[in-house]
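The structure under discussion appears below in the form of structure tokens.
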Amino acid sequence: MDQKLRVGILGATGMVGQRFIALLENHPWFEVVTVAASQRSAGKTYEEAIGDRWKMDTPMPEGVKKLIVANVNEVEKVASSVDFVFSAVDMTKDEIRAIEEAYAKTETPVVSNNSAHRWTKDVPMVVPEINSDHFELINDQRKRLGTTRGFIAVKPNCSIQSYTPCLAAWKEFGPKEVVATTYQAISGAGKTFKEWPEMVENIIPYIGGEEEKSEQEPLRVLGTYENGQITLADAPKITCQCLRVPVLNGHTAAVFINFEKKPTKEQLIEKLESFKGFPQEAGLPSAPKQFVRYMEEDNRPQVRLDVDYENGMGVSIGRLREDSMFDFKFVGLSHNTVRGAAGGAVLCAEALTAKGYIQAK
């Protein structure tokens with residue numbers, strides 16, 4: 001790419017906004033030129049607005065420290081300075097739907113981490129390795145919005161990243177029933193242990209809305225695009241419990257699965273390790289070389305050892321074994337704020353750029 005695309009971050013001061021900024025430092029295709037947040041941060045430098053709330057392990061990039069934070073609600077002003085935006089705004093769902101459509105209608109593509117538009121019929125919800133063909137919905141969405149280049153695309157919930165890739169890799173065996181329990185990190189709530197001391201040595205067996213997302217969103221990701229709409233996959237049937245656990249980064253899933261056909265363990269592992277999609281074929285900058293790896297050790301994957309696999313963009317699977325009540329059971333791990341959030345959105349933007357949906361204004 002001869003010239004980097006100009007990027008804006010909506011909701012730049014929150015944890016996911018900070019992750020976007022950290023991931024985009026020295027990105028070969030994208031450059032953060034605009035940061036936007038609420039009125040209370042507007043007018044300050046980004047460094048001033050963050051203060052002591054920088055939550056990443058790496059230092060704040062020098063290139064964003066002196067950027068003046070814009071008011072995210074000044075849509076036309078923000079949109080005029082960028083080629084596209086990442087959205088991580090902290091608002092009600094109705095407010096998010098409205099503001100993301102407002103940006104799209106300025107002919108500014110919006111790649112969103114938020115859940116508000118995940119079930120909007122003409123908004124693609126994409127894990128690029130699995131269903132990048134769903135981006136074709138954008139052509140229909142543009143007709144509804146009355147735009148020529150503006151649109152909204154979203155990534156799915158962080159909780160499904162640790163097991164949905166397996167369902168895609170094992171499609172030919174007909175996954176039909178899934179029972180999953182996810183053990184979700186506190187950064188998924190935008191928190192650190194300093195901010196949430198109640199989570200130290202604690203488990204909370206409920207996360208609002210997560211079970212529904214974990215059961216339903218995989219069926220849209222695994223669905224088929226045809227005639228301008230997504231037909232949801234009719235299998236597998238998924239039931240899930242979601243627990244908040246004392247881990248900073250990394251969502252783990254314990255999964256039981258039944259198949260229509262009866263694969264061997266060796267067949268399942270081979271399908272995982274050979275699974276790839278558009279990001280790998282196109283050599284996208286953030287794409288993991290191997291999307292899913294299988295770990296033979298009985299005590300893996302572990303959050304401390306494995307959450308940063310492929311710079312946090314890969315998925316680690318282990319403990320695959322036959323079960324007395326189900327065909328198989330396994331454990332999956334993914335990085336919730338990289339692959340599951342900002343990193344997944346960056347990969348979506350790279351795929352959209354490679355496919356020609358995002359271009360310089």
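What you see is a predicted model; the values in this text were computed from it and never measured.
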Compare all side-chain heavy atoms of [X] with those of [Y] and state whether any distance is below 4.5 angstrom.
X: Asn73; Y: Met91; answer: yes
X: Phe291; Y: Pro165; answer: yes
X: Lys171; Y: Phe275; answer: no
X: Lys191; Y: Met199; answer: no
X: Asn71; Y: Val78; answer: no
X: Asp306; Y: Arg293; answer: yes

Stepwise, does the ring-ring contact (aromatic ring centres under 6.0 Å, His included) test hold for Phe84 with Phe30?
-> CA-CA 10 Å; Phe84 76 98; Phe30 307 145; 5.1 Å; yes
Examine Phe328 together with Phe256 and report whether their ring centres are nearer than 6.0 Å.
->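 Between Phe256 and Phe328, which both carry aromatic rings, the centre distance is not below 6.0 Å.
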Could you pull out the closest heavy-atom pair between [X] and [Y], with the gap in Å?
X: Gln280; Y: Ala287; value: NE2-CB, 4.1 Å
X: His335; Y: Gly312; value: CB-O, 3.4 Å
X: Ala180; Y: Val255; value: CB-CG2, 4.1 Å
X: Pro301; Y: Gly318; value: CD-N, 3.6 Å

Verdict with reasoning, Tyr46 to Gln18, per side chain to side chain contact (heavy atoms under 4.5 Å, CB included) | CA-CA 10 Å; Tyr46 185 71; Gln18 291 180 30; 3.5 Å; yes
I would like to know whether Ser159 and Asn157 meet side chain to side chain donor-acceptor pair (under 3.5 Å); could you show each step before the answer?
-> CA-CA 5 Å; Ser159 67; Asn157 196 49; 2.7 Å; yes
Among the clusters formed by ILVMFWY side chains lying less than 4.5 Å apart, do Val307 and Ile317 turn up in the same one?
->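 Shared cluster, no.
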NZ/NE/NH1/NH2 to OD/OE distance under 4.0 Å, [X] and [Y]:
X: Lys271; Y: Glu172; value: yes
X: Arg118; Y: Glu217; value: yes
X: Lys65; Y: Glu48; value: no
X: Asp83; Y: Lys361; value: no

Checking Lys355 against Phe278: charged group under 6.0 Å from the ring centre and within 45 degrees of the axis?
->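 Yes, a cation-pi geometry holds between Lys355 and Phe278.
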Do Glu76 and Ser80 meet the criterion of a side-chain donor-acceptor pair at a distance under 3.5 Å?
->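 No.
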Donor-acceptor pairs under 3.5 Å, side chain of residues 231-240 to any protein atom, not counting sequence neighbours: which ones?
none

Side-chain donor or acceptor of Gln184 paired with backbone N/O of His251 under 3.5 Å |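 Side chain of Gln184 to backbone of His251, a donor-acceptor pair under 3.5 Å: no, none is there.
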